[in-house]
Amino acid sequence: NSLVPTILVAMGGTDEKNMTEFIIQSLNSVNNNFEAKIIVGSGYPYLKQLKKKLKDVNFKFELFHNPKNIAGVMSQADCAIISFGQTAYELAALRVPSLYLCLTEDHLSSSQLFVNHGVGVSLGLFAQKSDSELIEELEIHLNEKQASNDSSNHSKLLNISDLAKMSSLIIEGVTNV
């Protein structure tokens, strides 16, 4: 169903803070209709625990453990909730709007380049985020997504059109510091 948004959840290859489970728990309390594609890497130590948690969720999902074609999974998403890092660049290249949960102050600062150019939205630092805050922010973003009523045109939301432009913006941002 194209009216039901697909949310990508990707918290990095190891996700040592288990942000994935925090996101899943929060998504389970969101009142909007959506489907999730969850990616965990080969170094993710909480896989058994996550699978148990996923048995009790009230939304449709697919779980990918170290997928061979990660870009293929990512490109199916209408939006993403990710740990800011390399994945932010990959999703920008794929033109998938993203919500960034940051592990460090450095990541928070780096995410501002993407925020300033309309590529994504920072949710702030993971350590300072409560379930209720995250649920509220997710519902706001999903309501905005569903209000647009066209999940197939998500790429039009992005101002970044190609990697060359992204690279020049990064260089420009670094040289202006």
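Keep in mind the model is a prediction, meaning the values are calculated, not measured.
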To the nearest 0.5 Å, what is the distance between [atom1] ([X]) and [atom2] ([Y])?
{"X": "Met11", "Y": "Tyr44", "atom1": "CE", "atom2": "OH", "result": "10.0 Å"}
{"X": "Leu103", "Y": "Phe84", "atom1": "CG", "atom2": "CZ", "result": "11.5 Å"}
{"X": "Leu125", "Y": "Glu105", "atom1": "CG", "atom2": "CD", "result": "5.0 Å"}
{"X": "Ile7", "Y": "His141", "atom1": "CD1", "atom2": "NE2", "result": "11.0 Å"}
{"X": "Asn28", "Y": "Phe61", "atom1": "CG", "atom2": "CZ", "result": "10.5 Å"}
{"X": "Leu50", "Y": "Lys55", "atom1": "CG", "atom2": "NZ", "result": "11.5 Å"}

Can you name the nearest heavy-atom pair linking [X] to [Y], along with the distance?
{"X": "Cys102", "Y": "Leu108", "value": "SG-CA, 3.6 Å"}
{"X": "Tyr46", "Y": "Asp15", "value": "CE1-O, 3.6 Å"}
{"X": "Ile23", "Y": "Leu134", "value": "CD1-CD2, 3.5 Å"}
{"X": "Phe34", "Y": "Leu27", "value": "CZ-O, 3.5 Å"}
{"X": "Asp78", "Y": "Pro5", "value": "OD2-CA, 3.3 Å"}

Side chains of [X] and [Y] in contact at under 4.5 Å (non-hydrogen atoms):
{"X": "Leu138", "Y": "Ile81", "result": "yes"}
{"X": "Phe59", "Y": "Ile24", "result": "yes"}
{"X": "Ile82", "Y": "Leu99", "result": "no"}
{"X": "Leu113", "Y": "Asn116", "result": "no"}
{"X": "Thr20", "Y": "Ile38", "result": "yes"}

Who are the side chain to side chain donor-acceptor pair (under 3.5 Å) partners of Ser111, not counting sequence neighbours?
->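 Not a single residue meets the side chain to side chain donor-acceptor pair (under 3.5 Å) criterion with Ser111.
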Quick one: list whatever passes side chain to side chain donor-acceptor pair (under 3.5 Å) with Glu16, sequence neighbours left out.
->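 For Glu16 the side chain to side chain donor-acceptor pair (under 3.5 Å) partners, ignoring immediate neighbours, are Thr14.
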Report yes or no: does Ser98 contribute a side-chain atom to a donor-acceptor pair with the main-chain N or O of Val96 at less than 3.5 Å?
->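 Indeed, once roles are kept as given, a pair shorter than 3.5 Å links the two residues.
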Is a donor on one side and an acceptor on the other found under 3.5 Å between the side chain of Asn33 and the backbone of Val4?
->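 Not at all, since once roles are kept as given, no pair shorter than 3.5 Å links the two residues.
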Can you say whether the rings of Phe114 and Tyr89 are parallel (under 30°), tilted (30 to 60°) or perpendicular (over 60°)?
->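 Perpendicular.
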Do Asn143 and Ile140 pass the side-chain contact (heavy atoms from CB on, under 4.5 Å) test, and can you show the C-alpha distance, the side-chain angles, and the key distance before you say yes or no?
-> CA-CA 5 Å; Asn143 286 335; Ile140 289 168; 5.8 Å; no
side-chain hydrogen bond (donor to acceptor under 3.5 Å, both in side chains) contacts in which one or both residues fall within residues 60-70, not counting sequence neighbours =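 Of all non-adjacent pairs touching residues 60-70, those that pass side-chain hydrogen bond (donor to acceptor under 3.5 Å, both in side chains) are Lys37-Glu62.
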So which pairs with a foot in residues 122-140 pass side-chain hydrogen bond (donor to acceptor under 3.5 Å, both in side chains), sequence neighbours left out?
->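 Those involving residues 122-140 are Gln25-Asp131, Asn31-Glu139, Lys129-Glu137, Ser130-Ser132, Ser130-Glu133.
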For Pro67, what residues pass the side-chain contact (heavy atoms from CB on, under 4.5 Å) criterion, not counting sequence neighbours?
->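 Counting only residues at least two positions away or on another chain, Pro67 forms a side-chain contact (heavy atoms from CB on, under 4.5 Å) with Ile39, Phe64, Ile70, Val73.
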Apply side-chain contact (heavy atoms from CB on, under 4.5 Å) to Ser109 and list each qualifying residue two or more places apart in sequence or on a separate chain.
->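 Here no residue qualifies.
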